[in-house]
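Below: the structure, in structure tokens.
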Amino acid sequence: MKGSAVVEKVIAEIERYVKKEMGEDPTGHDWHHVDRVRKNALLFADGEAAGDRNIIEMAALLHDIPDEKLNKSAEAGRKKLDEFLDRLGLEHTTKQKINEIVYSISFKGGNGAELPSIEAKIVQDADRLDAIGAIGIARAFAYGGKKGQQIHAPNLGIRENMTLDEYRNGKSSSINHFYEKLLKLKGLMNTETAIKMAEERQLFMEAFLTQFEREWDCLL
Ligand code: ADP
Ligand code: NI
């Protein structure tokens, strides 16, 4: 890639764009989520002593821009990212690397496909880390509320091996989402630093769920 002054300018431009597009999203996909993903991704890159930091930073900043949940369709999201990357005037290979990361990292029901690069593994870990722990709990209920699902629905069974359509559109509750996705994320982390950070967050979510059940059952 080009010199560091140029990279800094490109990153500042991406930041401006992402703030404008997702700044105050109420579902947990706001600018602050993106900024934490960027910061944690750079931490994991340090821990691994691997990966192209510029590519990691750009992909982390852009990772939710084409997300089908946040756009009219997957196609509309793809078009939006394409047009922005074209406007940035990046080299073709840089654009390709960013696209490869952004489109490979989503959980989408947990398909578990092998990722194409260390950069993708790092950005995926940072995105997943932000879905667990105290922040993850807050985001799950924010997303669930926006989606119109209940906080807890004891009669709804926990789903295993969902298709993407079932994962996105099937009936669930925010508490079920912990068992269907969030508690599994620790075991799916790629990098040492993320695995370490996930441990404390996992314990916190487990303690939260235990307390939630006690209160739900009106136990003394
Ligand atoms: P993906 O959409 O691929 O699962 P994301 O990282 O975009 O991955 O998910 C973002 C956030 O949305 C996470 O914090 C996750 O907990 C939340 N989320 C997704 N589906 C649900 C759901 N059904 N209920 C509650 N939260 C959800
Ligand atoms: Ni995200």
Side-chain angles (χ1 to χ4, degrees), residues 14 18-19 21-41 44 56-71 73-74 77-78 80-81 98 101-113 115 120-153 156-186 188-190 194 197-198 201-202 204-205 208-209 212:
I14 299 176
V18 174
K19 275 185 194 157
E21 291 297 323
M22 3 192 353
E24 297 183 2
D25 173 274
T27 68
H29 295 85
D30 58 5
W31 161 251
H32 303 288
H33 161 66
V34 173
D35 196 29
R36 287 189 300 270
V37 171
R38 177 247 301 260
K39 286 177 181 150
N40 281 326
F44 303 159
I56 289 170
E57 185 163 8
M58 290 181 195
L61 286 169
L62 291 166
H63 81 274
D64 271 333
I65 290 291
D67 192 315
E68 59 171 333
K69 299 194 291 307
L70 310 172
N71 287 284
S73 63
R78 196 173 266 273
K80 187 162 143 191
L81 181 60
I98 293 173
I101 297 170
V102 170
Y103 294 114
S104 64
I105 64 170
S106 177
F107 178 83
K108 297 206 176 101
N111 61 27
L115 291 180
K121 289 179 181 170
I122 284 171
V123 178
Q124 181 182 63
D125 276 6
D127 195 28
R128 286 179 164 171
L129 196 74
D130 212 55
I132 64 176
I135 299 250
I137 293 171
R139 294 181 70 220
F141 291 105
Y143 184 89
K146 182 77 196 297
K147 209 178 152 200
Q149 77 189 12
Q150 286 178 278
I151 290 176
H152 184 34
L156 274 183
I158 291 157
R159 302 166 301 167
E160 306 276 346
N161 304 320
M162 294 159 274
T163 61
L164 178 56
D165 186 52
E166 285 161 354
Y167 176 65
R168 283 275 183 257
N169 305 315
K171 199 166 174 179
S172 187
S173 70
S174 295
I175 288 291
N176 274 11
H177 189 63
F178 285 83
Y179 299 97
E180 292 174 349
K181 172 181 174 185
L182 305 182
L183 293 169
K184 296 178 184 169
L185 293 178
K186 180 176 87 100
L188 296 172
M189 296 292 180
N190 306 295
M197 287 171 78
R201 296 180 185 213
Q202 186 84 358
F204 189 81
M205 285 195 294
F208 167 77
L209 290 167
F212 187 97

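All residue numbers in this chain count up from 1 along the given sequence. Remember, it's 1-based here, ligands and their atoms both numbered in the order they're listed.
Ring geometry for Phe208 against Phe178 counts as tilted: the plane angle lies between 30° and 60°, on a 0 to 90° scale.
When each atom of ligand 1 is checked for a heavy atom of Asp67 under 4.0 Å away, the hits are 7 (O). Residue Leu182 approaches ligand 1 through these ligand atoms, each under 4.0 Å from one of its heavy atoms: 16 (O). Each of the atoms 7 (O), 9 (O), 10 (C), 11 (C), 12 (O) of ligand 1 lies under 4.0 Å from some heavy atom of His29.
For Phe204, the CZ atom counts as loosely surrounded, since its 6.0 Å shell holds 12 or fewer non-hydrogen atoms of other residues, nucleotides or ligands. More than 12 heavy-atom neighbours from other residues, nucleotides or ligands sit within 6.0 angstrom of NZ on Lys147.
Taking a 4.0 Å cut-off on heavy atoms, Lys147 registers as neighbouring ligand 1.
Of the N and O atoms on the side chains of Asp25 and Thr27, at least one donor lies less than 3.5 Å from an acceptor on the other residue. No hydrogens or angles considered: nothing links the side chains of His29 and Asp67 as a donor-acceptor pair under 3.5 Å.
Within the 4.0 Å heavy-atom criterion, the part of Lys181 lying near ligand 1 is the side chain and not the backbone. The residue Phe141 has no part lying near ligand 1, judged by heavy-atom distances below 4.0 Å. Here Lys146 has no heavy atoms under 4.0 Å from ligand 1, in either its backbone or its side chain. Of the heavy atoms in Asp130, none comes closer than 4.0 Å to ligand 1. The part of Asp127 lying near ligand 1 is the side chain, judged by heavy-atom distances below 4.0 Å.
Nearest residue to atom 23 (N) of ligand 1 from His33, Gln149, His63, Glu180 is Gln149 (criterion: closest heavy atom). Of the listed residues (Glu68, His177, Arg139, Gln124), the one carrying the non-hydrogen atom nearest atom 15 (C) of ligand 1 is His177.
Minimum interatomic distance between Ser174 and Ala140 (heavy atoms only, all atoms of both residues): OG-O, 3.6 Å. Summarising the geometry of Leu182 relative to Gln202, their closest heavy-atom pair is O-OE1, 4.4 Å, with the distance given to 0.1 Å. Considering every non-hydrogen atom in both Ala198 and Ile132, the closest pair reads CB-CD1, 3.8 Å.
Polar contact with ligand 1: present for Lys69 (N/O pair, distance under 3.5 Å). Looking at ligand 1, you'll find an N or O of Tyr167 within less than 3.5 Å of one of its N or O atoms. Inclusion of Tyr143 in the set of residues having an N or O under 3.5 Å from an N or O of ligand 1 is not warranted.
The OD2 atom of Asp64 and the NE2 atom of His33 meet at the Ni ion (ligand 2) at an angle of about 90°, given to 10°.
Here the side chain of Arg36 pairs no donor or acceptor atom with the backbone of Asp130 at under 3.5 angstrom. Here the side chain of His63 pairs a donor or acceptor atom with the backbone of Ala60 at under 3.5 angstrom.
Distance check for Asp127 against the Ni ion (ligand 2): an N/O/S atom falls below 2.8 Å.
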